[in-house]
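Taking it in order: structure first as C-alpha coordinates, then the write-up.
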Amino acid sequence: MSSLPTTVRDPELPGRVEIYEVGPRDGLQNESAVIPVEVKAEFLDRLADAGLRTLEATSFVHPKWVPQLADAADLLARLERRDGLDYPVLTPNERGLDRAIEAGCDHVAVFASATETFAKRNLNRTLDEQFAMFEPTVTRAVREGLRVRAYVSMVFGDPWEGGVDPDQAAAVGARLMEMGCDQLSLGDTIGVATPAHVGAVLDACDARGVGIDRIAVHFHDTYGQALANTLAALRRGVTTVDASAGGLGGCPYAGSATGNLATEDLVWMLDGLGISHGVDLRALVGTSTWMAGHLGRPSPSRVVTALAQDS
Ligand code: HMG
Ligand code: MG
(Lines give C-alpha, C1' and ligand atoms only; values in the text may rest on other atoms or scores of the structure.)
(Ligands and ions follow the chains in the order given, each with its own letter.)
Protein backbone atom coordinates (compact mmCIF):
# COMPACT_ATOMS: atom_id res chain seq x y z
CA MET A 1 0.00 0.00 0.00
CA SER A 2 1.39 3.40 -0.85
CA SER A 3 1.91 5.90 1.98
CA LEU A 4 0.37 9.34 2.18
CA PRO A 5 0.07 11.62 5.19
CA THR A 6 -3.37 12.13 6.70
CA THR A 7 -4.45 15.71 6.08
CA VAL A 8 -5.14 17.79 9.16
CA ARG A 9 -5.61 21.46 8.36
CA ASP A 10 -4.15 24.11 10.67
CA PRO A 11 -6.18 27.33 10.31
CA GLU A 12 -3.18 29.40 11.44
CA LEU A 13 -1.27 28.46 8.28
CA PRO A 14 -1.63 29.79 4.72
CA GLY A 15 -3.87 27.86 2.30
CA ARG A 16 -1.31 27.86 -0.49
CA VAL A 17 2.48 27.89 -0.74
CA GLU A 18 4.55 28.72 -3.82
CA ILE A 19 7.49 26.38 -4.11
CA TYR A 20 10.54 28.06 -5.63
CA GLU A 21 12.57 25.14 -6.96
CA VAL A 22 16.34 25.71 -6.77
CA GLY A 23 17.69 22.20 -7.46
CA PRO A 24 18.92 22.85 -11.00
CA ARG A 25 20.90 25.89 -9.79
CA ASP A 26 21.73 25.52 -6.08
CA GLY A 27 21.86 21.74 -6.38
CA LEU A 28 23.95 21.35 -9.48
CA GLN A 29 26.36 24.24 -8.77
CA ASN A 30 27.81 22.14 -6.01
CA GLU A 31 28.32 18.83 -7.78
CA SER A 32 31.90 17.78 -8.42
CA ALA A 33 30.79 16.03 -11.60
CA VAL A 34 29.73 18.27 -14.45
CA ILE A 35 26.29 17.11 -15.54
CA PRO A 36 25.77 17.10 -19.32
CA VAL A 37 23.57 19.97 -20.52
CA GLU A 38 20.99 17.61 -22.03
CA VAL A 39 20.56 15.92 -18.62
CA LYS A 40 20.04 19.33 -16.98
CA ALA A 41 17.42 20.22 -19.61
CA GLU A 42 15.61 16.94 -19.02
CA PHE A 43 15.80 17.52 -15.24
CA LEU A 44 14.07 20.90 -15.68
CA ASP A 45 11.43 19.45 -18.03
CA ARG A 46 10.69 16.63 -15.60
CA LEU A 47 10.37 19.06 -12.69
CA ALA A 48 7.92 21.12 -14.74
CA ASP A 49 5.98 17.94 -15.59
CA ALA A 50 5.78 17.23 -11.84
CA GLY A 51 3.95 20.55 -11.42
CA LEU A 52 6.69 22.94 -10.30
CA ARG A 53 6.15 26.37 -11.86
CA THR A 54 9.14 28.40 -10.67
CA LEU A 55 12.40 26.71 -11.56
CA GLU A 56 15.67 28.49 -10.89
CA ALA A 57 17.44 27.15 -13.93
CA THR A 58 21.09 28.24 -13.70
CA SER A 59 23.48 31.14 -13.02
CA PHE A 60 25.16 33.68 -15.26
CA VAL A 61 28.14 33.95 -12.93
CA HIS A 62 31.80 33.84 -13.92
CA PRO A 63 32.33 30.42 -15.53
CA LYS A 64 35.70 30.05 -13.75
CA TRP A 65 34.01 30.60 -10.38
CA VAL A 66 31.27 28.03 -10.99
CA PRO A 67 32.30 25.80 -13.91
CA GLN A 68 29.35 23.49 -13.22
CA LEU A 69 27.01 26.16 -14.63
CA ALA A 70 29.19 27.43 -17.48
CA ASP A 71 26.65 26.02 -19.95
CA ALA A 72 23.92 28.47 -18.82
CA ALA A 73 23.15 29.95 -22.26
CA ASP A 74 23.16 26.54 -23.93
CA LEU A 75 20.81 25.16 -21.26
CA LEU A 76 18.30 28.00 -21.60
CA ALA A 77 18.25 27.60 -25.38
CA ARG A 78 17.20 23.98 -24.91
CA LEU A 79 14.31 24.63 -22.53
CA GLU A 80 10.79 24.34 -23.73
CA ARG A 81 9.20 27.68 -22.69
CA ARG A 82 5.73 26.60 -21.60
CA ASP A 83 3.02 29.03 -20.50
CA GLY A 84 3.06 29.68 -16.77
CA LEU A 85 6.63 28.44 -16.33
CA ASP A 86 9.12 30.81 -14.78
CA TYR A 87 12.87 30.20 -15.12
CA PRO A 88 14.73 32.69 -12.91
CA VAL A 89 18.53 32.80 -13.10
CA LEU A 90 21.30 34.23 -10.92
CA THR A 91 23.04 37.37 -12.17
CA PRO A 92 25.63 38.91 -9.82
CA ASN A 93 26.53 41.86 -12.03
CA GLU A 94 25.86 43.68 -15.29
CA ARG A 95 27.89 41.20 -17.31
CA GLY A 96 25.68 38.42 -15.97
CA LEU A 97 22.58 40.48 -16.69
CA ASP A 98 23.69 41.05 -20.31
CA ARG A 99 24.15 37.31 -20.75
CA ALA A 100 20.77 36.55 -19.14
CA ILE A 101 18.91 39.07 -21.32
CA GLU A 102 20.62 37.69 -24.41
CA ALA A 103 19.37 34.24 -23.38
CA GLY A 104 15.78 35.55 -23.17
CA CYS A 105 15.42 35.62 -19.37
CA ASP A 106 12.77 37.82 -17.78
CA HIS A 107 13.41 36.98 -14.13
CA VAL A 108 16.83 37.32 -12.49
CA ALA A 109 18.27 37.25 -8.98
CA VAL A 110 21.12 39.10 -7.32
CA PHE A 111 22.72 37.49 -4.29
CA ALA A 112 24.27 39.47 -1.49
CA SER A 113 26.06 38.45 1.68
CA ALA A 114 25.11 39.50 5.20
CA THR A 115 28.75 39.14 6.23
CA GLU A 116 32.07 40.61 5.18
CA THR A 117 33.90 37.30 4.85
CA PHE A 118 31.35 35.60 2.63
CA ALA A 119 31.01 38.71 0.43
CA LYS A 120 34.72 38.41 -0.21
CA ARG A 121 34.72 34.66 -0.76
CA ASN A 122 31.58 34.40 -2.88
CA LEU A 123 31.63 37.69 -4.76
CA ASN A 124 35.20 38.97 -4.50
CA ARG A 125 33.79 42.16 -2.98
CA THR A 126 33.61 43.76 0.47
CA LEU A 127 30.22 44.03 2.16
CA ASP A 128 29.94 47.64 0.91
CA GLU A 129 31.37 46.97 -2.55
CA GLN A 130 28.73 44.32 -3.26
CA PHE A 131 26.06 47.05 -3.39
CA ALA A 132 28.00 48.96 -6.03
CA MET A 133 27.87 45.80 -8.15
CA PHE A 134 24.16 45.16 -7.57
CA GLU A 135 22.82 48.71 -7.88
CA PRO A 136 23.31 49.18 -11.65
CA THR A 137 22.37 45.53 -12.24
CA VAL A 138 19.03 45.81 -10.44
CA THR A 139 18.26 49.29 -11.78
CA ARG A 140 18.79 48.26 -15.40
CA ALA A 141 16.96 44.94 -14.99
CA VAL A 142 13.92 46.73 -13.55
CA ARG A 143 14.07 49.40 -16.26
CA GLU A 144 14.05 46.66 -18.91
CA GLY A 145 10.97 45.08 -17.35
CA LEU A 146 12.61 42.09 -15.67
CA ARG A 147 11.62 40.85 -12.24
CA VAL A 148 14.49 40.79 -9.76
CA ARG A 149 14.76 38.61 -6.68
CA ALA A 150 17.21 39.51 -3.92
CA TYR A 151 18.98 36.81 -1.96
CA VAL A 152 20.84 37.44 1.26
CA SER A 153 23.22 34.67 2.35
CA MET A 154 24.57 33.83 5.81
CA VAL A 155 21.49 35.39 7.41
CA PHE A 156 21.54 33.02 10.40
CA GLY A 157 25.25 32.47 10.89
CA ASP A 158 28.54 32.41 9.06
CA PRO A 159 31.24 29.72 9.31
CA TRP A 160 34.03 32.31 9.62
CA GLU A 161 32.33 35.06 11.65
CA GLY A 162 29.90 33.03 13.79
CA GLY A 163 26.57 34.58 14.77
CA VAL A 164 24.99 37.27 12.61
CA ASP A 165 22.83 40.03 14.09
CA PRO A 166 19.31 39.76 12.58
CA ASP A 167 19.33 43.50 11.95
CA GLN A 168 22.58 43.25 9.97
CA ALA A 169 21.00 40.68 7.65
CA ALA A 170 17.75 42.66 7.43
CA ALA A 171 19.65 45.86 6.59
CA VAL A 172 21.38 44.15 3.65
CA GLY A 173 18.02 42.79 2.43
CA ALA A 174 16.23 46.11 2.82
CA ARG A 175 18.93 47.90 0.82
CA LEU A 176 18.43 45.46 -2.09
CA MET A 177 14.66 45.83 -1.93
CA GLU A 178 15.02 49.62 -2.05
CA MET A 179 16.93 49.19 -5.34
CA GLY A 180 13.77 47.66 -6.87
CA CYS A 181 13.90 43.94 -6.16
CA ASP A 182 10.46 42.38 -5.71
CA GLN A 183 11.22 39.48 -3.38
CA LEU A 184 13.74 38.91 -0.62
CA SER A 185 14.92 35.34 -0.06
CA LEU A 186 16.51 34.83 3.36
CA GLY A 187 19.34 32.34 2.95
CA ASP A 188 20.45 29.99 5.71
CA THR A 189 23.46 29.05 3.62
CA ILE A 190 24.99 26.68 6.19
CA GLY A 191 21.78 25.43 7.78
CA VAL A 192 22.30 26.74 11.32
CA ALA A 193 18.91 28.44 11.82
CA THR A 194 16.39 27.29 14.41
CA PRO A 195 12.69 28.22 14.52
CA ALA A 196 12.66 31.17 16.95
CA HIS A 197 15.68 32.63 15.18
CA VAL A 198 13.59 32.62 12.00
CA GLY A 199 10.96 34.71 13.80
CA ALA A 200 13.63 37.15 15.02
CA VAL A 201 14.92 37.70 11.47
CA LEU A 202 11.39 38.19 10.11
CA ASP A 203 10.80 40.79 12.84
CA ALA A 204 14.04 42.54 11.90
CA CYS A 205 12.99 42.61 8.22
CA ASP A 206 9.62 44.02 9.16
CA ALA A 207 11.30 46.72 11.26
CA ARG A 208 13.36 47.63 8.17
CA GLY A 209 10.19 47.92 6.06
CA VAL A 210 10.27 44.55 4.30
CA GLY A 211 6.93 42.93 5.05
CA ILE A 212 6.18 39.23 5.13
CA ASP A 213 4.41 39.30 1.73
CA ARG A 214 7.73 40.09 0.02
CA ILE A 215 9.78 37.46 1.84
CA ALA A 216 10.81 33.94 0.83
CA VAL A 217 12.80 31.51 2.95
CA HIS A 218 15.77 29.47 1.75
CA PHE A 219 16.88 26.82 4.21
CA HIS A 220 19.73 24.38 3.86
CA ASP A 221 19.28 21.19 5.88
CA THR A 222 22.78 20.70 7.29
CA TYR A 223 21.56 20.17 10.86
CA GLY A 224 18.11 18.74 10.04
CA GLN A 225 16.29 21.97 10.93
CA ALA A 226 15.03 23.06 7.51
CA LEU A 227 11.50 21.73 7.83
CA ALA A 228 11.04 23.04 11.39
CA ASN A 229 12.29 26.44 10.24
CA THR A 230 9.93 26.38 7.28
CA LEU A 231 6.97 25.65 9.53
CA ALA A 232 8.00 28.58 11.75
CA ALA A 233 8.09 30.84 8.68
CA LEU A 234 4.68 29.60 7.45
CA ARG A 235 3.24 30.35 10.86
CA ARG A 236 4.42 33.91 10.44
CA GLY A 237 2.70 34.17 7.04
CA VAL A 238 5.52 33.45 4.60
CA THR A 239 4.09 31.82 1.44
CA THR A 240 7.14 31.33 -0.79
CA VAL A 241 9.51 28.53 0.14
CA ASP A 242 12.72 27.63 -1.70
CA ALA A 243 13.45 23.93 -1.95
CA SER A 244 15.56 21.59 -4.01
CA ALA A 245 14.37 18.35 -5.60
CA GLY A 246 15.95 15.40 -3.84
CA GLY A 247 17.71 17.72 -1.37
CA LEU A 248 20.53 18.56 -3.77
CA GLY A 249 22.54 21.62 -2.98
CA GLY A 250 25.15 23.64 -1.24
CA CYS A 251 27.42 26.50 -2.03
CA PRO A 252 30.88 25.95 -3.52
CA TYR A 253 32.17 28.96 -1.53
CA ALA A 254 30.80 27.77 1.84
CA GLY A 255 32.34 24.38 2.53
CA SER A 256 30.01 23.48 5.38
CA ALA A 257 26.84 24.02 3.31
CA THR A 258 24.93 20.88 2.40
CA GLY A 259 21.72 20.33 0.51
CA ASN A 260 18.67 22.57 0.59
CA LEU A 261 15.40 21.56 2.14
CA ALA A 262 14.28 18.69 -0.12
CA THR A 263 11.23 19.61 -2.19
CA GLU A 264 9.75 16.17 -1.46
CA ASP A 265 10.08 16.66 2.31
CA LEU A 266 8.35 20.04 1.97
CA VAL A 267 5.56 18.63 -0.22
CA TRP A 268 4.92 15.80 2.25
CA MET A 269 4.49 18.28 5.10
CA LEU A 270 2.30 20.63 3.02
CA ASP A 271 0.10 17.68 2.01
CA GLY A 272 -0.30 16.71 5.66
CA LEU A 273 -1.27 20.29 6.49
CA GLY A 274 -3.70 20.54 3.58
CA ILE A 275 -1.75 23.42 2.02
CA SER A 276 -1.99 23.47 -1.77
CA HIS A 277 1.17 23.64 -3.89
CA GLY A 278 0.45 22.04 -7.27
CA VAL A 279 3.16 19.38 -7.19
CA ASP A 280 2.71 15.68 -7.92
CA LEU A 281 4.83 14.01 -5.22
CA ARG A 282 5.21 10.64 -7.00
CA ALA A 283 6.37 12.29 -10.22
CA LEU A 284 8.83 14.41 -8.24
CA VAL A 285 10.26 11.40 -6.39
CA GLY A 286 10.64 9.63 -9.75
CA THR A 287 12.61 12.63 -11.06
CA SER A 288 14.90 12.82 -8.03
CA THR A 289 15.55 9.07 -8.20
CA TRP A 290 16.39 9.42 -11.89
CA MET A 291 18.73 12.38 -11.11
CA ALA A 292 20.39 10.44 -8.27
CA GLY A 293 21.26 7.80 -10.89
CA HIS A 294 23.08 10.49 -12.93
CA LEU A 295 24.88 11.80 -9.85
CA GLY A 296 25.89 8.32 -8.74
CA ARG A 297 24.56 8.58 -5.17
CA PRO A 298 21.18 8.32 -3.47
CA SER A 299 19.11 11.38 -2.61
CA PRO A 300 19.51 12.53 1.03
CA SER A 301 15.75 13.28 1.20
CA ARG A 302 13.88 11.17 3.77
CA VAL A 303 10.71 11.26 1.69
CA VAL A 304 12.50 10.22 -1.52
CA THR A 305 14.15 7.35 0.37
CA ALA A 306 10.87 6.19 1.93
CA LEU A 307 8.73 6.50 -1.19
CA ALA A 308 11.33 4.95 -3.48
CA GLN A 309 11.21 1.84 -1.22
CA ASP A 310 7.43 2.06 -1.11
CA SER A 311 6.88 1.90 -4.88
P1 HMG B 1 35.53 39.05 -10.27
O2 HMG B 1 36.67 38.16 -10.60
O3 HMG B 1 35.69 40.05 -9.19
O4 HMG B 1 35.00 39.75 -11.59
O5 HMG B 1 34.30 38.11 -9.91
P6 HMG B 1 35.35 41.16 -12.21
O7 HMG B 1 34.15 42.03 -12.11
O8 HMG B 1 36.65 41.68 -11.66
O9 HMG B 1 35.61 40.78 -13.74
C10 HMG B 1 36.72 39.95 -14.11
C11 HMG B 1 36.45 39.30 -15.45
O12 HMG B 1 35.35 38.42 -15.33
C13 HMG B 1 36.06 40.28 -16.57
O14 HMG B 1 36.60 39.75 -17.78
C15 HMG B 1 34.58 40.18 -16.62
O16 HMG B 1 34.02 40.47 -17.90
C17 HMG B 1 34.36 38.71 -16.29
P18 HMG B 1 37.92 40.38 -18.44
O19 HMG B 1 37.55 41.82 -18.68
O20 HMG B 1 38.98 40.23 -17.42
O21 HMG B 1 38.10 39.55 -19.64
N22 HMG B 1 33.05 38.50 -15.68
C23 HMG B 1 32.12 37.66 -16.11
N24 HMG B 1 32.09 36.76 -17.12
C25 HMG B 1 30.95 36.07 -17.28
N26 HMG B 1 29.85 36.22 -16.50
C27 HMG B 1 29.86 37.09 -15.48
C28 HMG B 1 31.03 37.84 -15.25
N29 HMG B 1 31.34 38.77 -14.34
C30 HMG B 1 32.56 39.16 -14.60
N31 HMG B 1 28.76 37.25 -14.72
C32 HMG B 1 31.96 37.66 -9.69
C33 HMG B 1 33.07 38.65 -9.43
C34 HMG B 1 30.74 38.16 -8.93
C35 HMG B 1 31.67 37.62 -11.18
C36 HMG B 1 32.40 36.27 -9.19
O37 HMG B 1 32.79 36.38 -7.86
C38 HMG B 1 31.32 35.23 -9.30
O39 HMG B 1 30.94 34.82 -10.42
N40 HMG B 1 30.78 34.74 -8.15
C41 HMG B 1 29.66 33.80 -8.13
C42 HMG B 1 29.79 32.81 -7.01
C43 HMG B 1 28.57 31.93 -7.01
O44 HMG B 1 27.90 31.71 -8.01
N45 HMG B 1 28.25 31.37 -5.82
C46 HMG B 1 27.11 30.52 -5.65
C47 HMG B 1 25.80 31.24 -5.72
S48 HMG B 1 25.37 32.03 -4.18
C49 HMG B 1 24.57 30.78 -3.27
O50 HMG B 1 24.61 29.63 -3.62
C51 HMG B 1 23.75 31.17 -2.07
C52 HMG B 1 22.23 31.08 -2.29
O53 HMG B 1 21.82 29.77 -2.65
C54 HMG B 1 21.48 31.52 -1.03
C55 HMG B 1 21.98 30.81 0.25
O56 HMG B 1 21.97 29.56 0.32
O57 HMG B 1 22.38 31.57 1.16
C58 HMG B 1 21.79 32.04 -3.44
MG1 MG C 1 21.50 28.17 -1.24
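Remember, it's 1-based here, ligands and their atoms both numbered in the order they're listed.
- Residue F60 places at least one N or O, backbone or side chain, under 3.5 Å from an N or O of ligand 1.
- The shortest distance between side-chain heavy atoms of L261 and V217 does not fall below 4.5 Å.
- No side-chain donor from either of N229 and H197 sits under 3.5 Å from a side-chain acceptor of the other.
- Using a 3.5 Å distance cut-off with no hydrogens or angles, the side chains of S59 and Q29 do not pair a donor with an acceptor.
- When the heavy-atom distances from atom 24 (N) of ligand 1 to R95, M154, M133 are ranked, the shortest goes to R95.
- Using a 4.5 Å heavy-atom threshold, the side chains of H62 and N124 count as separate.
- Heavy-atom separations between R25 and ligand 1 include at least one value shorter than 4.0 Å.
- Ligand 1 places these atoms under 4.0 Å from at least one heavy atom of Y151: 54 (C), 58 (C).
- With atom 17 (C) of ligand 1 as the reference point, the heavy atom nearest to it among Q130, H62, R125 is part of H62.
- Those atoms of ligand 1 with a heavy atom of N122 less than 4.0 angstrom away are 37 (O), 40 (N), 41 (C), 42 (C), 43 (C), 45 (N), 46 (C), 48 (S).
- By the criterion of a heavy-atom distance under 4.0 Å, both the backbone and the side chain of V61 are placed next to ligand 1.
- Contact analysis puts P63 in contact with ligand 1, with a non-hydrogen atom separation below 4.0 angstrom.
- Taking any N or O of N124, backbone or side chain, at least one lies under 3.5 Å from an N or O belonging to ligand 1.
- One finds no salt bridge joining R78 and D45 here, because no Lys/Arg side-chain nitrogen approaches an Asp/Glu carboxylate oxygen to under 4.0 Å.
- When you scan the N, O or S atoms of D26 for the one nearest the Mg ion (ligand 2), you land on OD2.
- Judged purely by atom type and a 3.5 angstrom limit, Q168 uses its side chain to pair as donor or acceptor with the backbone of A114.
- Counting heavy atoms closer than 4.0 Å to ligand 1, residue T189 contributes atoms from both its backbone and its side chain.
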